[in-house]
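These notes are about the structure you will find just below.
Counting convention: from 1, in listed order, for ligands and their atoms alike. Quick caveat, the model's predicted, so the values are computed rather than measured. Hydrogens, waters and symmetry mates play no part in the numbers below; they use all other heavy atoms, side chains included.
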Amino acid sequence: MQTQSAQTFIVIGAGQAGGRAVEAMRQTGFAGRIVLVGAEPHLPYERPPLSKELLAADAGELQSMFERAWFNERDIDLHLGVAAIAIERDEKQVRLADGTAMPYDKLLLTTGAAVRELDIEGAALPGVHTLRTIEDNRAIEALFSAQKPVVVVGGGFIGLEVAAAAQLRGCAVTVLEFADRLMGRALPAQISAIFAALHGANGVDVRLDTGVARIEGTQRAEAVVTTAGDRIAVQGVIVGVGIAPQTNLAQAAGLSVENGIVVDEYCRSSDENIYAAGDAASQWQPQLGRHLRLESWQNAQNQAIAAARNMCGADTAFAEVAWFWSDQFDVNLQMCGAPLDWKETVTRGDMAARDGILFQLKGGRIVGAIGLNRPRDMRFVKRIMAAGKTPSPAQLADDAIGFRDLLRA
Ligand SMILES: Cc1cc2nc3c(=O)[nH]c(=O)nc-3n(C[C@H](O)[C@H](O)[C@H](O)COP(=O)(O)OP(=O)(O)OC[C@H]3O[C@@H](n4cnc5c(N)ncnc54)[C@H](O)[C@@H]3O)c2cc1C
């Protein structure tokens with residue numbers, strides 16, 4: 001058998017997951033060749049600031065996760081600004097857009113996700129933006145500096161973070177949400193209503209049950225016509241209607257794909273030499289009895305680390321309590337777990353006052369928690385859930401009982 005030092009691991013996708021994966025490979029002691037291929041021209045960077053602090057007027061430069069010297073010191077080959085266009089599994093090689101063919105022993109796909117575009121008249125006009133990359137962020141930040149009206153299409157996490165940033169920058173903001181409540185895919189109605197009130201109180205015009213019919217303009221976006229027939233004059237439009245996993249490479253190579261690249265608990269795809277992690281991967285969750293694809297910072301980091309370790313021979317199943325956050329105006333929202341229906345709930349604190357935690361229980365266990373402005377408590381809640389502890393509903397509701405004590409109990 002070939003020694004590991006003679007092997008080549010290729011990582012396709014130089015985003016957050018790809019960056020963490022190559023770091024973990026070297027930390028694990030892998031001494032072979034590592035190649036990181038990225039379609040973007042940038043060193044790996046984390047995306048959460050793009051819809052938050054990097055939309056502020058005095059936003060500094062985006063920091064990449066690691067400097068170029070960091071890669072050189074670890075002998076990691078970077079191929080940036082070039083996409084991988086095929087995985088030739090029979091030859092065990094990756095084909096790049098510049099024609100290069102690179103043989104691999106093991107391959108990791110961290111290709112992330114791409115924004116969904118609107119399929120309506122005017123969607124391609126200049127002034128209509130989506131937000132995924134640093135270039136998108138720069139364009140939207142420039143739009144906000146004009147302090148003119150903007151429309152945000154989509155009342156999900158990204159749309160609402162952008163709306164809050166625009167409002168704080170002095171733009172008049174209208175949010176159009178097709179559904180009857182905000183962030184409805186992930187959150188219960190009670191929390192949606194709290195955020196509708198938050199945005200309303202800060203001057204955002206939130207219109208529910210309302211989509212965009214068309215965008216009008218000759219040279220650039222000038223007005224949005226809603227499905228309710230209203231016409232809103234705008235300087236720009238930001239579309240935040242969700243993302244789709246980038247699975248085209250995997251699919252063309254014949255890997256199993258279903259709402260993401262299908263992987264097992266070890267992050268291994270239907271080809272034992274190919275792994276996947278991050279937004280692009282749909283992982284088998286034994287506790288849930290189904291596959292789950294997450295779009296979150298924590299998952300991009302830790303699933304990629306787990307995949308990298310398994311490529312190096314660790315053979316360890318990856319399982320952790322899902323965790324996500326969003327910042328909108330002065331509210332920090334955090335969510336743990338994979339809750340379903342929010343039927344059996346317990347509240348600590350005062351959610352309407354944006355200072356509390358809503359728990360969902362199932363059979364006495366916490367399966368989900370949403371914290372508003374409780375970042376410290378949520379760290380412990382996540383650990384309580386991971387440890388499988390079962391505090392009583394009365395204990396969970398009682399603000400006088402510290403979560404640290406519940407964890408120790
Ligand atoms: C604006 C924004 C705000 C966010 N805020 C939060 C937040 O507050 N909290 C939270 O938990 N999560 C947040 N997220 C989600 C989080 O950033 C993502 O889950 C994370 O970036 C996923 O990492 P990834 O490496 O899987 O994918 P990505 O970061 O998308 O990286 C994938 C990379 O692969 C490249 N690629 C794709 N195909 C190829 C190919 N064929 N060849 C070469 N390269 C390729 C892409 O160009 C991209 O650079 C946010 C995301 C965005 C966009």
Side-chain angles (χ1 to χ4, degrees), residues 10-22 35-55 62 64-65 78-87 94-98 100 102 107-116 129-137 140-141 154 156-162 164-165 183 186 238-240 242-253 260-261 267 276-283 293-305 307 322-328 332-336 375:
I10 299 181
V11 179
I12 302 180
Q16 187 192 343
R20 287 295 165 208
V22 296
V35 183
L36 180 60
V37 180
E40 290 184 72
H42 309 289
L43 293 164
Y45 60 93
E46 296 184 348
R47 298 182 200 274
L50 300 181
S51 51
K52 304 178 183 68
E53 55 267 32
L54 285 175
L55 285 179
L62 175 78
S64 53
M65 291 164 64
L78 285 174
H79 288 255
L80 299 178
V82 57
I85 54 166
I87 303 166
V94 170
R95 179 80 54 185
L96 304 190
D98 62 10
T100 315
M102 290 196 298
L107 183 62
L108 174 60
L109 302 177
T110 50
T111 45
V115 289
R116 291 185 197 279
H129 304 270
T130 53
L131 178 51
R132 184 77 189 173
T133 65
I134 184 64
E135 288 80 8
D136 298 336
N137 165 279
I140 294 170
E141 195 282 319
F157 291 108
I158 304 276
L160 292 175
E161 289 183 1
V162 169
M183 300 178 289
I238 302 99
V239 179
I243 57 176
Q246 301 223 71
T247 55
N248 46 346
L249 267 186
Q251 195 142 20
I261 303 163
C267 310
D279 282 12
S282 179
Q283 184 165 35
R293 191 177 66 77
L294 295 170
E295 299 167 359
S296 78
W297 178 92
Q298 174 186 273
N299 182 67
Q301 170 174 291
N302 295 343
Q303 196 178 42
I305 292 171
W323 175 78
F324 178 87
W325 89 97
S326 176
D327 294 315
Q328 297 168 36
N332 169 260
L333 173 147
Q334 298 197 15
M335 179 164 161
C336 294

Numbering the atoms of ligand 1 from 1, which are under 4.0 Å from a heavy atom of [X]?
{"X": "Thr110", "value": "32 (C), 33 (C), 34 (O)"}
{"X": "Gly278", "value": "26 (O)"}
{"X": "Ala83", "value": "42 (N), 43 (C)"}
{"X": "Ser296", "value": "11 (O), 12 (N), 19 (O)"}
{"X": "Ile12", "value": "40 (C), 42 (N), 43 (C)"}
{"X": "Gly38", "value": "43 (C), 44 (N)"}

Worked check of side chain to side chain contact (heavy atoms under 4.5 Å, CB included) between His42 and Leu80
CA-CA 7 Å; His42 309 289; Leu80 299 178; over 6 Å; no
Among all the protein's non-hydrogen atoms, which is closest to [atom], and how far away is it?
{"atom": "atom 35 (C) of ligand 1", "answer": "Gly13 CA, 3.8 Å"}
{"atom": "atom 9 (N) of ligand 1", "answer": "Trp325 O, 3.1 Å"}
{"atom": "atom 44 (N) of ligand 1", "answer": "Ala39 N, 3.0 Å"}
{"atom": "atom 41 (N) of ligand 1", "answer": "Ala84 O, 3.0 Å"}
{"atom": "atom 17 (O) of ligand 1", "answer": "Arg47 CB, 3.5 Å"}
{"atom": "atom 52 (C) of ligand 1", "answer": "Ile158 CD1, 3.6 Å"}
{"atom": "atom 25 (O) of ligand 1", "answer": "Ala17 N, 2.8 Å"}
{"atom": "atom 27 (O) of ligand 1", "answer": "Gly112 CA, 3.2 Å"}

Heteroatom proximity flag, Gln16 to ligand 1, N/O under 3.5 Å:
yes
Got an N/O contact under 3.5 Å between Trp297 and ligand 1?
yes
Has Glu46 got any heavy atom lying under 4.0 angstrom from an atom of ligand 1?
no
Check whether any side-chain N or O of [X] sits under 3.5 Å from a backbone N or O of [Y] as a donor-acceptor pair, and report yes or no.
{"X": "Gln16", "Y": "Trp297", "answer": "yes"}
{"X": "Thr111", "Y": "Gln246", "answer": "yes"}
{"X": "Asn137", "Y": "Leu54", "answer": "yes"}

Can you find a side-chain donor-acceptor pair between [X] and [Y] that sits under 3.5 Å?
{"X": "Gln303", "Y": "Asn299", "value": "yes"}
{"X": "Ser51", "Y": "Glu161", "value": "yes"}
{"X": "Glu40", "Y": "Thr133", "value": "no"}

Option of least heavy-atom distance to [atom] (set: [options]):
{"atom": "atom 23 (O) of ligand 1", "options": "Ala21, Ala322, Ala300", "result": "Ala300"}
{"atom": "atom 8 (O) of ligand 1", "options": "Glu161, Lys52, Arg20", "result": "Lys52"}
{"atom": "atom 49 (O) of ligand 1", "options": "Arg132, Glu295, Glu40", "result": "Glu40"}

Have a look at ligand 1 and work out which part of Leu249, if any, has a heavy atom under 4.0 Å from it: side chain, backbone, both or neither.
side chain
So, do Ile140 and Ile238 sit near enough that their side-chain heavy atoms are less than 4.5 Å apart?
yes
Side chains of Trp323 and Met335 in contact at under 4.5 Å (non-hydrogen atoms)
no
Between Asn332 and Trp325, is a side chain to side chain contact (heavy atoms under 4.5 Å, CB included) present by the stated rule, with each step listed?
CA-CA 7 Å; Asn332 169 260; Trp325 89 97; 3.9 Å; yes
Ion pair check, Arg132 and Asp279, cut-off under 4.0 Å
yes
For Thr110, run the side-chain contact (heavy atoms from CB on, under 4.5 Å) check against Val37, Ile12, Ile261, Val11 and tell me which one passes.
Val11
Measure the spacing between NZ of Lys52 and OG of Ser326 and express it to the nearest 0.5 Å.
6.0 Å
